[in-house]
Amino acid sequence: MMLRTLCRTGGALLQQTQRAAPRLWVTPAQQRWASSLPMNTVVLFVPQQEAWVVERMGRFHRILEPGLNFLIPLLDRIRYVQSLKEIVIDVPEQSAVSLDNVTLQIDGVLYLRILDPFKASYGVEDPEYAVTQLAQTTMRSELGKLTLDKVFRERESLNSNIVHSINQASDEWGIRCLRYEIKDIHVPPRVKESMQMQVEAERKKRATVLESEGTREADINVAEGHKQAQILASEGQKAEQINKASGEAQAILAKAEAKAKAIRMLSDALTEQNGDAAASLSVAEQYVSAFSKLAKESNTILLPSSSGDISGMVTQAMTIYGALAKSNPKEPAATEKSDDFGRQSSQ
């Protein structure tokens with residue numbers, strides 16, 4: 001019965017002390033509470049994600065785990081209460097100078113967690129103030145290594161470098177920095193105006209480059225079109241000339257074949273009976289026809305002395321024909337007939 005009464009009394013005292021229990025980190029104001037620590041009521045209930053550091057006769061004794069715990073009155077004392085949750089600290093706005101001598105106003109948010117309550121209690125006097133100051137100084141040193149343009153482009157790498165630098169120093173404090181995020185970067189008004197002008201100039205440059213590239217592509221396309229048109233036109237002319245030459249050659253061959261055929265037919269006709277008389281008649285007709293056109297085609301006329309002697313002209317033509325026929329040994333009959341015809345004409 002006494003144990004039950006003692007537990008109830010301890011629970012009531014614990015609720016009262018928990019209302020006044022201090023917190024190492026407070027999100028709104030981020031300041032330590034000035035109230036007293038939990039009292040030693042023999043029976044204590046430690047909340048989850050909290051670590052209570054107990055000292056016995058002024059020396060570190062142990063860390064109470066979440067749940068039911070027992071302490072010795074007067075000898076044991078709760079010295080520190082550490083929260084094991086992830087803590088968010090708002091880093092105040094500060095000034096920093098970049099590598100190109102531009103003054104920036106930067107603020108950020110720091111996310112950390114206590115991994116070792118013993119080191120967080122005895123390693124540093126005020127962990128919140130220490131981590132905040134370390135984050136500010138680290139941010140200044142990292143910003144001093146970058147130019148203004150790289151600050152905006154390499155924001156992620158800047159955050160990781162700050163986290164790495166903080167963790168190197170905070171390991172002795174039992175604190176682990178999880179993330180650091182830059183919230184706002186404020187630049188001077190004149191620098192901001194120059195940046196806007198630079199952005200506008202860069203956009204105009206890109207527009208000019210794109211326009212010139214478009215013009216170049218258009219000119220190339222037009223030139224390529226002209227080239228293809230000239231190639232096609234030359235190929236058309238070439239095909240036309242080939243077709244024309246082929247047609248002319250075929251026409252010449254056809255005329256030659258027709259003329260050869262006519263000559264063969266004429267030679268066959270001359271070898272027949274009365275062929276010489278027919279040839280004389282044809283020569284006489286052509287002579288009369290040619291003589292009748294002389295005055296029509298030209299005003300100057302050259303006439304032979306015996307132009308009125310048609311029979312003499314015919315005899316002369318037949319004599320030439322007979323001489324040509326004698327030179328051909330394959331046609332003896334035609335030669336003899338032409339000689340007889342010439343003798344008859346001379347008589």
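Side chains included, hydrogens not; waters and symmetry mates left out as well; all remaining heavy atoms used. Source: prediction; values computed, not measured.
Residues satisfying the side-chain hydrogen bond (donor to acceptor under 3.5 Å, both in side chains) test with S121, not counting sequence neighbours, are Q82. In this structure, the side-chain hydrogen bond (donor to acceptor under 3.5 Å, both in side chains) partners of Q168, at least two apart in sequence or on a different chain, are H164. Contacts of E86 classified as side-chain hydrogen bond (donor to acceptor under 3.5 Å, both in side chains), with partners at least two apart in sequence or in another chain: R179.
Between Q94 and A135, the shortest heavy-atom distance links the atoms NE2-O, 4.5 Å. When all heavy atoms of N69 and R62 are compared, the pair lying nearest together is OD1-NH1, 3.9 Å. The two residues S95 and T103 make their nearest non-hydrogen contact at CB-CG2, 4.5 Å. Contact record, N40 with P73: ND2-CA, 3.5 Å, taken as the closest heavy-atom pair. When every heavy atom of E55 is checked against every heavy atom of G58, the shortest pair comes out as OE1-O, 3.8 Å. P117 and A51 get closest at one heavy-atom pair: CG-CB, 3.6 Å.
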Q.
side chain to side chain contact (heavy atoms under 4.5 Å, CB included), that's the test. Do V151 and I185 meet it? Break it down for me.
A. CA-CA 9 Å; V151 169; I185 300 177; 3.8 Å; yes
Q: Evaluate the side chain to side chain contact (heavy atoms under 4.5 Å, CB included) criterion for residues V163 and N159: first the C-alpha distance (whole Å), next the side-chain angles of each, then the deciding distance (0.1 Å), finally the verdict.
A: CA-CA 6 Å; V163 171; N159 294 336; 5.6 Å; no
Q: Run the numbers on Y180 and V91 for side chain to side chain contact (heavy atoms under 4.5 Å, CB included), then give the verdict.
A: CA-CA 10 Å; Y180 182 85; V91 180; 3.8 Å; yes
Q: Check the pair V43, F70 against side chain to side chain contact (heavy atoms under 4.5 Å, CB included), reporting the backbone distance first and the verdict last.
A: CA-CA 5 Å; V43 179; F70 297 95; 3.5 Å; yes
Q.
Test salt bridge (Lys or Arg N to Asp or Glu O under 4.0 Å) on K119 and D171; report intermediate values, then the result.
A. CA-CA 9 Å; K119 290 183 178 181; D171 287 338; over 6 Å; no
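Legend: salt bridge (Lys or Arg N to Asp or Glu O under 4.0 Å) pairs involving residues 144-155, not counting sequence neighbours, sorted by first then second residue: E142-K145. Screening residues 205-223 for salt bridge (Lys or Arg N to Asp or Glu O under 4.0 Å) gives E202-R206 as the qualifying pairs, with residues at least two apart or on separate chains. Pairs engaging residues 84-120 under the ring-ring contact (aromatic ring centres under 6.0 Å, His included) rule: F60-F118, F118-Y122 [sequence neighbours left out].
Applying the side chain to side chain contact (heavy atoms under 4.5 Å, CB included) test between V109 and each of I89, I182, V88 identifies V88 as the sole match.
In this structure a side-chain-to-backbone donor-acceptor pair under 3.5 Å is present from D107 to D184. Put simply, the side chain of S234 gets close to the backbone of I231: a donor and an acceptor are under 3.5 Å apart. Formation of a donor-acceptor pair under 3.5 Å by the S246 side chain with backbone atoms of I242 is not found in this model. S141 contributes a side-chain N or O that, together with a main-chain N or O of T138, makes up a donor-acceptor pair within less than 3.5 Å. Between the D76 side chain and the L74 main chain, no donor and acceptor come within less than 3.5 Å of each other.
By the 4.5 Å heavy-atom criterion applied to side chains, C177 and N167 are counted as neighbours. With a 4.5 Å cut-off on side-chain heavy atoms, P47 and W52 count as touching. Residues R176 and L112 are not in side-chain contact: their nearest non-hydrogen atoms beyond the backbone lie 4.5 Å or more apart. Proximity of L44 to P38: side-chain heavy atoms (C-beta onward) are nowhere separated by under 4.5 Å. Inter-residue side-chain proximity for V53 and V81 is flagged as unmet; no heavy-atom pair is nearer than 4.5 Å. Side-chain contact between S165 and I162 is absent, with no heavy atoms from C-beta onward closer than 4.5 Å.
Here the straight-line distance linking atom CZ of R190 with atom CD of E193 works out to 8.5 Å at 0.5 Å rounding. From L134, atom CG reaches atom CH2 of W173 across 5.0 Å, with rounding to the nearest 0.5 Å. Rounding to the nearest 0.5 Å places CZ of R113 at 7.5 Å from CG of L115. Annotation: the span from L232 atom CG to Q237 atom CD amounts to 11.5 Å, rounded to 0.5 Å. Put simply, CD1 on I63 and CZ on R79 are 14.0 Å apart, with the number rounded to the nearest 0.5 Å. Between I87 atom CD1 and I175 atom CD1 the span is 7.5 Å, to the nearest 0.5 Å.
Under the 4.5 Å side-chain heavy-atom criterion for ILVMFWY residues, no single connected hydrophobic cluster contains both L148 and V97. Neither L75 nor V42 shares a network with the other; the hydrophobic side chains, linked directly or stepwise wherever heavy atoms of I, L, V, M, F, W or Y lie under 4.5 Å apart, form separate groups for each.
The neighbour count for E172 CD, taken as heavy atoms of other residues, nucleotides or ligands under 6.0 Å away, does not exceed 12.
No side-chain N or O of E50 forms a donor-acceptor pair with one of S83 less than 3.5 Å apart.
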